[in-house]
There are 2 protein chains.
Amino acid sequence: MAVATRDRSTTDYAVLGMLTLRPMSGYDIRATIAESVAYFWTESYGQIYPTLKRLTKERLVTRRSERSGGRERHIYAITAEGREALAEWIVRPAQPRPPRNELLFKLFFARHVPPAEAAAQVERFRAEQERAVARFRAVEQELYDRHANNPDLAYWLITLRYGQLEAEALLRWSAEAGEILQELNAAAAPRGTRGEK
Amino acid sequence: MAVATRDRSTTDYAVLGMLTLRPMSGYDIRATIAESVAYFWTESYGQIYPTLKRLTKERLVTRRSERSGGRERHIYAITAEGREALAEWIVRPAQPRPPRNELLFKLFFARHVPPAEAAAQVERFRAEQERAVARFRAVEQELYDRHANNPDLAYWLITLRYGQLEAEALLRWSAEAGEILQELNAAAAPRGTRGEK
DNA sequence: TTTGGCATGTAATCCGTTACATGATTAG
DNA sequence: CTAATCATGTAACGGATTACATGCCAAA
């Protein structure tokens, strides 16, 4: 008989997933997300702490207290049931969330502002993609260097590759769009129009 | 003196933007979004109707009633102030929203399920990207055919191109990831393991 | 001594979807 | 006759961020 898979928020699974890496505090979870999967996921404390509390009550994680130095820390670990719930969720078809791309929306209506303004938006984006490409390259190196024997490595590289290919494509798009906008700008404001020398 | 730009939700601007295309009802706005910018934006009635009400009160749009046949329609049009507010927003740096890619999250932790399950996730995604690529090609044709003289055309093509390049890149990624997962699967379940003939 | 990082948590608020309520018109 | 589409709106709910409150410890 099929188990009724309780519907949880993705945050629940995000927290469970992080705890498969190692037992962690809420603070650690936040930090680890920020330094590993930030390019495709984020969580705030406002989500993490209440989630940990609930998952503990539901026995998907256990909590133990620790005081290293002065401040008390709550270390959470995933239980067998937690792993089961996570695995069940992983195999369910991933739900794409409704897209909301502010940059594209602005460009879609950019006829209502000077072309140079649209070009500025694209240029900011281009610079960001360039940084992203560089960052991905560095992360790749680091993964090979420091996680060569990690059983998760193959999967991490797959997700990294997604980021790389996407960023490279969007970088190409930025360049292309930038050129088109420059032409529009030249057409809209031919020399002399704005009183340049 | 710099005008204090009131902070509105992006929905406000989405509605204003749509109304630059032509005066429309709330229903029309929803439908137009769904058939034009759906690949990078969505809005629900629950957002649109209250927004129209508020924008009317704030004089960024005007409302007139019309009865074509029986049911009454409320047609909204953008005002000069509305256009101004929109233009002001368009030039402000676009805010990328915090990423949340469920597919990547699942793949990141996919070691905890059989590789074939991860491959299934990727395959679903690949099929989707393939459909997206085809759809973008069709849209491109339609834009050239039916909006050849539309002053917005150049901008629409730029946003379309973003979708195209992104979908193509993600299609390539899907193929690559699919292959890797197949190898992992072969390694995890060599012939004989599961009792095949 | 003061700043920054470690650490936990709650409350207020916002954003957005879904469900609900209602009803007319039109095409099959 | 009935299903789909047109059409407008509200209410309930959930998900997520931000701000707030609190306080230790280490380094500058």
Side-chain angles (χ1 to χ4, degrees), chain A residues 6-15 18-19 23-35 37-38 40-57 61 63-76 89 95-102 105, chain B residues 6-15 18-19 23-35 37-38 40-57 61 63-76 89 95-102 105:
Chain A
R6 198 138 52 317
D7 51 323
R8 305 178 165 285
S9 79
T10 51
T11 297
D12 289 25
Y13 299 109
V15 166
M18 285 299 140
L19 292 180
M24 278 189 263
S25 68
Y27 190 87
D28 293 337
I29 289 173
R30 180 91 201 296
T32 305
I33 287 175
E35 72 195 33
V37 298
F40 65 77
W41 205 267
T42 53
E43 292 292 348
S44 59
Y45 292 130
Q47 291 274 96
I48 291 172
Y49 284 116
T51 296
L52 283 170
K53 197 188 227 182
R54 192 162 29 73
L55 292 179
T56 305
K57 209 165 53 191
V61 306
R63 164 179 160 159
R64 100 188 121 83
S65 293
E66 190 180 81
R67 53 186 60 70
S68 55
R71 188 74 166 109
E72 186 169 61
R73 280 165 55 83
H74 304 283
I75 310 292
Y76 296 86
W89 173 74
Q95 301 293 311
R97 67 168 175 172
R100 278 188 151 226
N101 187 320
E102 201 179 296
F105 207 97
Chain B
R6 196 136 57 317
D7 52 324
R8 305 177 166 285
S9 79
T10 52
T11 297
D12 288 24
Y13 299 109
V15 166
M18 286 298 140
L19 292 179
M24 279 188 263
S25 67
Y27 190 87
D28 292 338
I29 289 172
R30 180 89 202 295
T32 304
I33 287 174
E35 71 195 33
V37 298
F40 64 76
W41 205 267
T42 54
E43 291 292 349
S44 60
Y45 292 130
Q47 291 273 96
I48 291 172
Y49 284 116
T51 296
L52 283 169
K53 198 187 227 182
R54 192 163 28 74
L55 292 179
T56 305
K57 209 165 54 194
V61 307
R63 163 179 162 161
R64 100 188 120 83
S65 293
E66 189 181 83
R67 54 186 58 70
S68 57
R71 188 79 166 105
E72 185 170 62
R73 281 164 54 83
H74 304 279
I75 309 292
Y76 296 86
W89 174 74
Q95 301 293 311
R97 68 168 174 171
R100 278 189 151 223
N101 186 321
E102 202 180 296
F105 207 97

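A, B, ... follow the sequence lines: proteins, then strands. Residue 1 opens every chain.
- If you measure from atom CD of A:Glu72 to atom P of D:dG23, you get 15 Å, rounded to the nearest angstrom.
- Whole-Å rounding puts the B:Ile48 CD1 to D:dA7 P distance at 14 Å.
- The two residues A:Ala14 and A:Glu43 come nearest to each other via the heavy atoms CB-OE2, 3.8 Å.
- Atoms CE (A:Met24) and C1' (C:dC6) sit 16 Å apart, rounded to a whole Å.
- Taken over five-pair windows at either terminus, the axes of the helix from C:dT1-D:dA28 to C:dG28-D:dC1 are inclined to one another by 30° (rounded to 10 degrees).
- Smallest separation of non-hydrogen atoms from B:Ile75 and B:Pro23: CG2-CB, 3.7 Å.
- The phosphate of C:dC6 has OP1 or OP2 within less than 4.0 Å of a side-chain N or O from A:Tyr27.
- Atom-to-atom, CZ of B:Arg73 to C1' of C:dA24 comes out at 13 Å; the value is rounded to the nearest Å.
- Side-chain contact check for B:Leu52 versus B:Ile29: some heavy-atom pair is nearer than 4.5 Å.
- In this structure, the side chains of A:Thr11 and B:Arg100 come closer than 4.5 Å at one or more pairs of heavy atoms.
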Take nucleotides 9-21 of chain D nucleotide by nucleotide from the 5' end and write B, S or -, depending on whether a protein heavy atom sits under 4.0 Å from the base, only from the sugar-phosphate, or from neither. BB-----BBB---

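- For the pair B:Glu35 CD and D:dT5 P, the computed distance is 14 Å after rounding to whole Å.
- Note that the CE atom of B:Met18 and the CZ atom of B:Arg30 stand 12.0 Å from one another [nearest 0.5 Å].
- Considering only heavy atoms from C-beta on, A:Glu102 comes within 4.5 Å of B:Trp89 through its side chain.
- In this structure, CZ on B:Arg73 lies 4.5 Å from CG on B:Asp28, to the nearest 0.5 angstrom.
- Taking all atoms of both residues into account, the shortest heavy-atom contact from A:Ser65 to A:Glu72 is CB-OE2, 3.8 Å.
- Residue A:Arg54 contributes atom CZ, which lies 18 Å from atom P of C:dT8 at whole-angstrom precision.
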